[in-house]
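Input: a single structure, listed below in structure tokens.
In what follows, every chain begins at residue 1, and chains take the letters A, B, ... in the order their sequences are listed. Values reported hereafter were calculated over all heavy atoms of this structure, with side chains retained and with hydrogens, waters and symmetry mates removed.
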Amino acid sequence: MTAAHEPDDEDLTARLVAFVGALRSKGIPAGTSETVDAAAVIDVLGLANRALLREGLAAALVRRGGQRDVFDMTFDLFFPAGVGISEAALAAGDLELDDLRDLLAMALADGDLRTLEQIAELAVDLLGEVGLPDTNTAGWSAYQTLERLRPQTLIAQILEQRGQGGSGGQGQNGLQGTSQFTDRLEREELRQAIERFRQMVQAEARRRTAEVRGREVVTRHAVRPGHDRIDFLSANRQQLEELRRTVQPLARRLATRLAARRRKNRRDRIDIRRTLRRSMGTGGVPIRPVYAKPNPARPELVLLCDVSGSVAGFSGFTMHLVQALSGQFSKVRVFAFVNAMDEVTDLVDLDETDLAGRIAREAHITKWHTSSDYGEAFADFAELFLDSVGPRTCVLILGDARNNNQDPNLGALHEIAQRSRRTFWLNPEHAMRWGLGDSVATEYAEVVQMHECCNVDQLTHFVSRLLPV
Amino acid sequence: MRRIVQHDRHRVVEAEWSESGASHESVAGDTHPSERNVVAVSLPIGQTVPDQLRLETDLTLDAELLHGMIVGMTVTFASPTDAKQRLARAGYLASDAVATTVFLAATLGKPLLVEGPAGVGKTALAQAVAEATRSDHEGAELIRLQCYEGVDEARALYEWNHAKQLLRITAGREESWDEARTDIFSEEFLLPRPLLQAIRRDDPTVLLIDEVDKADVEIEGLLLEVLGDFQVTVPELGTVTATQRPFVVLTSNATRELSEALRRRCLFLHVDFPDAELEADIVRLKVANLDKTLADSVVRVVNALRAMPLRKSPSVAETIDWARTLLALGADILDDDVVQETLGVILKHRDDVEKATAKLDLNTVLGGGSDDQASGA
């Protein structure tokens, strides 16, 4: 694949700046000094080797783990390996869908990444074209390509082929144990290879679309944001799964922060009341300050989670996070509701992938209908579980406050908030949508403090800054 | 001896310069520190002095006069490929990403911040860089600062040898206080700690600041000065500036967010588990007599384990340990018994072992061993 032209200096600088701008819009905060570093990197490495350039720019522009995916996707758009379709792919000539599937099966069986990349290119070119050419609907769709190619259906076929022809190769040392044991891994390895192929197709579709529609448009819409900026409400199953995997490291980071805050709290807090009282003896001049006694008791945490469909992802993530952080609190109790409240503390387990399903099966969270009703749930809680809230308890309510036009029952919420040390409401909806439609967020926000919590970033911020320790 | 350096913006800097003084101790004179750096800050770090700054023939503008601000990196590589080859010779098989970043860190003279899970060879990288530059220089020395909660200036930078100072004061009863004072705050009574040691060395140096995330936030402020300007101020002695720029590697396990200011000064490298091919090579490099097929299967199993949701995924160090164990046991092939017995080498939590056993079907196969033989045959 050859570049269309060697960009001159002006062009390159402008492109680098545009690239950094695109990264910023995707949540990688590269500053001017990083851009200067990146320019120095280009100067040192040259443009001859794209793989090296990618690593070099990543070293200068990316500042933390977990941003690399976003960087790679944007890099592919701004420094594409070529324009249009490559010579090699053209030379392959007219292929039918079945030929392509056969080729793919072979490449997957061999684990040959270079061939996979070429097949991805061909596949997007042959199967992925959408919209009318020369209009702003034109482009290439990875979804359409993968729907037609259906690589996941190839696994059985490849395994079968290996079973016939490949057993000799696998068991070449003549001992069956080896082939048997590692064979068990094959299905999983193939699944991973197909996942990689899927990503290649997506990258290729983005590259081709960027040629027609412009890099900025594609960056804005097609480059997925990093983990910490995925919107809880619009996240799909796969993204939620990814998020669940980040819970453990995130919890570890938050735990250090909470511990640091607790250490800081231990001293340096002046007890105003007692200082003033003592200042009476010195004519009202507070000469000797009195420091507050350290409070060794860790707070208790009570979580009230709406687990109805719309916010289940957010609630699930937060329940897992709180579970992982349970060492930081003296007691954690988790309650779930849709329109009836039930305790689910024992059901929350970090290894559980389908938390919402398990809660729905094993806990009593609905009454005679299945849509969420906050008022009813709060009334339930006030009646059954109010003794779990005490002066050391911090109550977190998770939900979008969409009450399906039922009575919000502010009184019950007020009662809970009164008994607790602090009560926070974390709302996964954007603040500008609060109070619209059947949302009673604004009414609840008058009773308890409500925080917007659309993504991991905001949740992290809340836990590390506001949560009492 | 007094030298005058003229800057291109016509600002004159005067510096008292003592010829006899130790080369790295330029005592803060009467000029303000910001004035003294005037020439240096207008130059890109790591470059030699351009000709237009050499104003008069006898006023040579050497690196020391500029308080070492213009210092070259002594640890250098010719290209990313060169870095890769030399690291390999030092026993560290680097991926392209690692080799490129190491090359850039050496060329651009920036510290290298390495993050990644435990056991992927972050610390080994620093050792390998020191080793790799050994052949063509006298030998790059590795100076290591291990961070922990509560590490402070006295542990990281320098400390006065109080006991020796007291001894010195008692020994010289006759002399005046002024004499004693100038004497006890001299070189002889200074205990340099890793950061100062690295800055004072004239030979190629690799400075490893290990597990920065374990240290308190305050120590980061200290590092900013050291890594930004490569100078350390000892109030009694003056500012000590590096005559050569050490190759700095910081490692972090990301238990704490490092400050933006520190991240900004570094090139960032995220080391992850290597791909299967590279890992197999690493295993065979570290465990010499290992059969190639066995190495490949070991890596495949470890990769499969990494795809599982475990509390602690096995990293490269565990893979190597496992390979060593298998070799010691004399196992030629991986079968269920061997895997079952040695799983404890790669997985360090009991529930992880249970989960892996379930996922790899170890129990079922062990239970029905004869069935399996039959179907295999």
Side-chain angles (χ1 to χ4, degrees), chain A residues 29-31 33-34 37 40-41 43-45 49 51-68 111 113 167 170-186 188-189 191-192 241 244-245 248-249 252-253 255-257 260 350-351 353 460 464, chain B residues 44 79-80 95-101 103-105 107-108 110 112-113 115-116 213 216-217 254-258 260 263-270 272 276 291 293-294 296-297 300-301 303-304 307 309 311 332-339 351 355 359-361 365 372-373 375-377:
Chain A
S33 76
E34 277 92 341
D37 285 349
V41 166
D43 197 36
V44 171
L45 289 177
N49 189 333
L52 291 189
L53 186 66
R54 179 198 293 267
E55 300 301 339
L57 285 180
L61 292 170
V62 177
R63 283 289 180 258
R64 59 196 69 215
Q67 295 179 336
R68 189 53 201 266
L113 290 182
S167 63
Q170 284 287 323
Q172 58 195 356
N173 49 6
L175 291 156
Q176 300 219 319
T178 311
S179 62
Q180 275 173 23
F181 189 77
T182 39
D183 277 355
R184 234 171 284 155
L185 309 174
E186 255 169 25
E188 180 61 21
E189 284 172 352
R191 215 185 47 71
Q192 286 173 9
E241 180 62 20
R244 202 176 55 81
R245 262 180 258 134
Q248 202 68 331
R252 222 177 25 167
R253 269 213 310 279
T256 12
R257 262 188 237 176
L350 194 54
D351 298 329
T353 43
T460 315
S464 59
Chain B
S79 67
S95 65
D96 277 346
V98 174
T100 312
T101 320
F103 163 72
L104 284 173
T107 313
L108 303 178
K110 298 202 98 181
L112 180 60
L113 171 62
E115 258 183 24
D213 52 330
D216 304 318
V217 186
T255 49
R256 176 169 71 78
E257 283 286 301
L258 300 177
E260 280 304 322
R263 287 177 181 276
R264 249 200 55 228
R265 280 171 176 75
C266 306
L267 287 180
F268 179 78
L269 174 65
H270 183 86
D272 220 328
D291 180 44
T293 332
L294 184 57
D296 286 344
S297 348
R300 280 180 71 185
V301 175
N303 269 321
R311 280 173 71 184
D332 305 328
I333 47 144
L334 277 185
D335 55 35
D336 292 285
D337 290 323
V338 174
V339 175
D351 15 335
K355 206 179 289 174
K359 286 243 180 175
L360 291 175
D361 292 342
V365 176
D372 226 70
Q373 286 297 328
S375 70

**Prompt:** Using non-hydrogen atoms only, which part of Leu104(B) is less than 4.5 Å away from chain A: side chain, backbone, both, or neither?
**Reply:**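 Contact with chain A is through the side chain of Leu104(B) alone.
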
**Message:** Minimum heavy-atom separation for Pro80(B) and Leu45(A), please, with both atom names.
**Reply:**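 The pair with the smallest heavy-atom distance is CG-CD2, 3.8 Å.
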
**Request:** Go through the steps to decide whether Arg263(B) and Glu34(A) satisfy the test salt bridge (charged side-chain N to carboxylate O under 4.0 Å, His left out), and finish with yes or no.
**Result:** CA-CA 10 Å; Arg263(B) 287 177 181 276; Glu34(A) 277 92 341; over 6 Å; no

**Prompt:** Atom CG of Asn49(A) and atom CG of Asp96(B): how far apart are they, to the nearest 0.5 Å?
**Reply:**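 So the CG of Asn49(A) and the CG of Asp96(B) are separated by 7.5 Å.
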
**Message:** Run the side-chain contact (heavy atoms from CB on, under 4.5 Å) test on Asp37(A) and Leu108(B) for me, step by step, so that the C-alpha distance in whole Å, both residues' side-chain angles and the decisive distance to 0.1 Å come before the verdict.
**Reply:** CA-CA 8 Å; Asp37(A) 285 349; Leu108(B) 303 178; 5.5 Å; no

**Request:** Among Glu115(B), Lys355(B), Glu260(B), Arg264(B), single out the residue with the greatest number of heavy-atom pairs under 4.5 Å to chain A.
**Result:**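 Top option by heavy-atom pairs under 4.5 Å: Arg264(B).
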
**Pick from Ala276(B), Ser79(B), Ala307(B), Cys266(B) with the largest number of heavy-atom pairs that fall under 4.5 Å of chain A** =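 With the most close heavy-atom pairs to chain A, the winner is Cys266(B).
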
**Request:** Name the member of Glu55(A), Arg63(A), Arg253(A) that forms the most heavy-atom pairs with chain B at distances under 4.5 Å.
**Result:**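 Heavy-atom pairs under 4.5 Å are most numerous for Arg63(A).
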
**Request:** Measure Arg252(A) against the heavy atoms of chain B and call it side chain, backbone, both or neither at under 4.5 Å.
**Result:**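 For Arg252(A), the contact with chain B is made by backbone and side chain together.
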
**Check: Val44(A) and Phe103(B) side chains under 4.5 Å, non-hydrogen atoms** =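 Touching, per the 4.5 Å side-chain cut-off.
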
